[in-house]
Amino acid sequence: MEERYNAQNIEKKWQEYWDKENLFTVTENTALPKFYCLEMFPYPSGRIHMGHVRNYVIGDVITRYKKMHGFNVLHPMGWDAFGLPAENAAIKRGVHPSKWTYENIDYMKSQLKKLGLGYDREREVTTCAPEYYRWNQWFFLKMLERGLAYKKSSYVNWCPSCETVLANEQVIDDKCWRCDNIVAQKELEQWFFKITAYAEELLRDADTLTGWPEKVVTMQRNWIGRSEGVEVDFRVTGSDRGMRIFTTRHDTLYGATFMSIAKKHPLVAELVKDENILKEIESLSDDPEEKEGVFTGFHAENPLTGDKIPIYVANFVLMEYGTGAIMAVPAHDQRDFEFAKKYNLPVKTVIQKPEDRGQSTVNGQRSTVNGITEAFEEDGVLVDSAQFSNLPSEEARGKIADYLEKEGLGKRVVNYRLRDWGISRQRYWGTPIPIVYCPSCGIVPVPEKELPVVLPQDALLAGKGVSPLSEINEFAMTKCPECNGDAKRETDTMDTFVDSSWYFLRYCSPKAEDNPVDPDAVEYWMPVDQYIGGIEHAVLHLLYSRFFTKVIRDIGLIKINEPFSSLLTQGMVIKDGAKMSKSKGNVVDPDFLVNKYGTDTVRIFCMFAAPPERDLEWSDQGVEGAYRFLNRIWTYIYKNHDLLSSKGHDRLKDLPQLSSRASQLLRKTHQTIKKVTNSIERDYHFNTAIASLMELFNDISAFKPTGDDDAAVLRFGIRNMIVLISPFAPHIAEDLWRETGRGKSILNEPWPGWDENIAKEEEIELVIQVNGKLRGKVMIPAGLEDEAIKEKAFSEPKVKEHIKDKTLKKVIVVKSRLVNIVI
RNA sequence: GCCGGAGUGGCGGAAUUGGUAGACGCAAGGGACUUAAAAUCCCUCGGGGCUUAACUCCGUGCCGGUUCAAAUCCGGCCUUCGGCACCA
């Protein structure tokens, strides 16, 4: 054993050993309980950053911990390898995306290895490989068959910098999720996945995600945005044309004083012929701050009242939601109210607060905006609403919906905020969409047996805003699979979120050739027991993956409903109060740290500095502290090498036969096993687990054994400490494990249990309070009876001092904890 | 605006879920070793009142409440970080 802790040497040694022994390679062993531990796979951007390190170390700690508990642990890693940076690198530096990507993967793989992360390397998945993306194409075809993939022209989010379309989920605050540029609207023909067909199930099953942070589940629920309402048909006056509106507030139907429709509503083109009005409509601002509208010159008839009310085009009505048309009830909707105020439209109150019941409405029947300062949006009691007057809102909605349905004037519907997932991308480095456009046969799917449609290597990447594939004739020009005539291929590629929507299934059977997944393997491994990744995917990747899982279930390949049983969203790595980023110049390079201190130090620091779900404030001095801790352990074992080494197991004597110092250390050891185990089991609070290991080591290093029994207890403490620390600092643990005379890998060592009888304190410190204030502490034997405890408390001089001659009101005894004397 | 977290020493964070606030670590100060420094080791370390100690108040964002007892539960507010934001 070397005198000095040389992290580089021992880390290299054990990494090679684990590799050679394939200690993390697993098979579907049904005799063992399985555990699937997964971290979100990285985009191969070039180098691992601290966020990755934190993410993957958390997963590795859990993997090693579960392995020691006897689980058959699947812990795979792969590469989310399609994406824009590869293409941008190609444009900028002339290196092919493929070369760039694979070189990055090679380098990052070596970085992961140096971190000591234990993966089943046989299962590595790379999404840009045809063997992988061919199944994206296969899923696309299956979805097409089921009507879950379709093409339509629509306004889409266009990122001018990435020169491609983005899905709604990928637009954050009107900006591109990747490059932060402002996103524009552009009308394009695009392929969509019909995620809305699963809206109800995605929402319903959100209730089953009990192992997820409530926050993430809530975000998904909000994103899906279910709302129940009715569609009501109004008639356009002087035409046989109807107009259908959606509302959730049909209790306010009697208060509608005008109609609002979207700019793109078909009614506009159909009815409005006046050029000036059309021009005005066209020039309506998109500014969400300012409500603007134009009177179309037409009126609509309220099917309940027969009232003729004007139809406006309003800039705040969305064509994409509901029917693109609404009834406007200014008295009870703030937006309509502001609109009415601006254009001096009537306001009719039809809902009152219950306590205002019976009072006349403003101005009797109808009033103008004067006299009201804002819309009353809450539920209340109906007034001026014919036979529905005096009903509470809730009940009125039911009755009115019944009435509308009975009279054929409308029907109950459910709307979702969730939109279908636009997956077309006008970029090169992605999965080709397996579609052929034939002049005579139309849209023809590429037959399954012809998959994969391989992405050609020789694209001209100039970044001109058209799909690079469309410029490669050998690719774009093809024959129609049906009539064999000349045809054109689809030249858009798929959103890379498609790749990551099922990679966790592929890991179960990464080499399956006839199917994207082997159903038996999936049956064994899925669902993922612990998924770990950043909160930024709360709706993106995590919602898409849930959708894909349900689709693949319906295709019949798998049986599960949900992919991830438990989710841990780790916090960001922060330095100087900001997220680490190149632009802020506050990045810490993992390579540098690993070379300087070794990965065990980095791992210990990352796990110790904060619980995993919270942000981690980087501290160079904190890293030093972690390094110091490992050094102290090393030096201690070096100095006491002969004493600590043992070939066999010591026979420990029972507590009463040990010296009091030895029994204290033995107790501390059992308490530490308990504490570390509970900290990990309860909520993966590794920081407190490591803190208690530090405490144990402090006790160990202060313990000066005299005699064999003391030495045996010391060895017991050290041995357990090494085992307990091994998930966090596996290399030094493995090395010290061997140095202290253990044969096999520490990875195969079972996780220790504790003896509650030994862990239990024999003596406890009794806290004595007088009127809730701390007045004394005494050591008493654990399990003392209340009366005896009281007696102890009252006999304390300081306590007597405080009580003096005052009369006792009450004495509270908390078993083996405290006494509170109330006077 | 709506929804959801968070607020504890100089700092990162603990606190068996109502029972000793500040575990563990970092930083800081003092000391030992050294010719000297680094490393290492030992001691102190929430604030006030005391030269020190004993002792004693105050103290978990703010105000109030419940309770023998509140960082923890309840009501109201402030700050901060996320998410959603014309979704009818």
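Only heavy atoms go into these numbers, but all of them, side chains included; no hydrogens, no water, no symmetry mates. Below, chain A is the first sequence line, B the second, and so on; all start at residue 1. Values in this document were obtained by computation on a predicted structure and should not be read as measured data.
- Of the two residues contacting RNA chain B, namely A:Val822 and A:Val171, the nearest-nucleotide position lying further toward the 5' end is that of A:Val822.
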Inset, instruction - Would you write the dot-bracket representation of RNA chain B, where each base gets (, ), [, ], | or . depending on whether it forms a Watson-Crick or G-U pair under 3.5 Å and with which partner? - result: (((((((..(((......[....))).(((((.......))))).((((.....))))..(((((..]....))))))))))))....

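- Taking atom C1' on both B:G7 and B:C77, the two are 14 Å apart, rounded to the nearest angstrom.
- Contact annotation for A:Arg419: base contact, defined as any heavy-atom pair under 4.0 Å involving a base atom.
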What's touching nucleotides 1-8 of chain B from the protein side, N or O pairs under 3.5 Å?
none

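- Atom name P, nucleotides B:G59 and B:G47: the rounded distance is 16 Å, in whole Å.
- Considering only side-chain N and O atoms, A:Lys773 lies under 4.0 angstrom from the phosphate OP1 or OP2 of B:C58.
- Using a 4.0 Å cut-off between a side-chain N of Lys or Arg and a carboxylate O of Asp or Glu, A:Arg249 and A:Glu377 do not qualify as a salt bridge.
- For the C1' atoms, the distance from B:U20 to B:A14 is 14 Å, rounded to whole Å.
- Between the base of B:C86 and the side chain of A:Lys291 there is a donor-acceptor pair shorter than 3.5 Å.
- The ring-ring contact (aromatic ring centres under 6.0 Å, His included) test applied to A:Phe629 returns no partner, not counting sequence neighbours.
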Give the table of side-chain donor-acceptor pairs shorter than 3.5 Å for residues 767-779 of chain A, with sequence neighbours excluded, one pair per line with atom names and distance.
{"residue": "A:Asn771", "atom": "OD1", "partner": "A:Ile823", "partner atom": "N", "Å": "3.0"}
{"residue": "A:Arg775", "atom": "NE", "partner": "A:His802", "partner atom": "NE2", "Å": "3.3"}
{"residue": "A:Arg775", "atom": "NH1", "partner": "A:His802", "partner atom": "NE2", "Å": "3.4"}

Inset, instruction - Take nucleotides 19-26 of chain B nucleotide by nucleotide from the 5' end and write B, S or -, depending on whether a protein heavy atom sits under 4.0 Å from the base, only from the sugar-phosphate, or from neither. - result: BB--BBSS

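- Going from the C1' atom of B:C62 to that of B:A70 covers 16 Å, rounded to whole Å.
- Using a cut-off of 4.0 Å between Lys/Arg side-chain N and Asp/Glu carboxylate O, A:Arg54 and A:Asp615 are scored as not salt-bridged.
- Put simply, A:Arg221 has no side-chain N or O that comes within less than 4.0 Å of OP1 or OP2 on B:C84.
- Nucleotides B:U40 and B:C55 have their C1' atoms positioned 38 Å apart, rounded to a whole Å.
- Distances shown here put a side-chain N or O of A:Ser227 below 4.0 Å from the OP1 or OP2 atom of B:A88.
- For residues 600-610 of chain A, the side chain to side chain donor-acceptor pair (under 3.5 Å) pairs, not counting sequence neighbours, are A:Asp60-A:Arg603, A:Asp600-A:His731.
- Every residue two or more places apart in sequence or in another chain that forms a ring-ring contact (aromatic ring centres under 6.0 Å, His included) with A:Trp618 is listed here: A:Phe605.
- Taking atom OH of A:Tyr321 as the reference point, atom P of B:C87 lies 9 Å away to the nearest angstrom.
- Under the side chain to side chain donor-acceptor pair (under 3.5 Å) criterion, A:Glu787 pairs with no residue, sequence neighbours left out.
- Rounded to an integer number of Å, the gap from CD of A:Glu320 to P of B:C86 is 11 Å.
- Within 4.0 Å of A:Val317, counting heavy atoms only, lies at least one base atom of the nucleic acid.
- At least one donor-acceptor pair closer than 3.5 Å links the side chain of A:Asp420 to the backbone N or O of A:Ile195.
- Residues A:Phe339 and A:Tyr312 place their aromatic rings such that the two centres sit under 6.0 Å apart.
- Across B:G5 and B:C87, the matching P atoms stand 24 Å from one another, rounded to whole Å.
- With sequence neighbours excluded, the residues satisfying ring-ring contact (aromatic ring centres under 6.0 Å, His included) with A:Phe192 are A:Tyr150.
- A:Asn771 comes within 4.0 angstrom of no nucleic acid atom, judged by non-hydrogen atoms across all strands.
- Atom CD1 of A:Ile351 and atom C1' of B:A88 are 15 Å apart (whole Å).
- Set against B:C86, B:A85, B:C57, the side chain of A:Arg775 has B:C57 as its closest nucleotide.
- Residues in residues 314-326 of chain A take part in these salt bridge (charged side-chain N to carboxylate O under 4.0 Å, His left out) pairs, two or more places apart or across chains: A:Lys264-A:Glu320.
- A:Trp634 pairs by the ring-ring contact (aromatic ring centres under 6.0 Å, His included) definition with A:Tyr5, not counting sequence neighbours.
- B:U60 and B:A54 are spaced 24 Å apart, taking the P atom of each and rounding to whole Å.
- Residue pairs that meet the salt bridge (charged side-chain N to carboxylate O under 4.0 Å, His left out) test with at least one member in residues 678-687 of chain A, sequence neighbours left out, do not exist here.
- The same atom, C1', is picked in B:C73 and in B:G19; the two are 14 Å apart, to the nearest Å.
- The interatomic distance linking A:Arg682 (CZ) with B:U17 (P) rounds to 8 Å, in whole Å.
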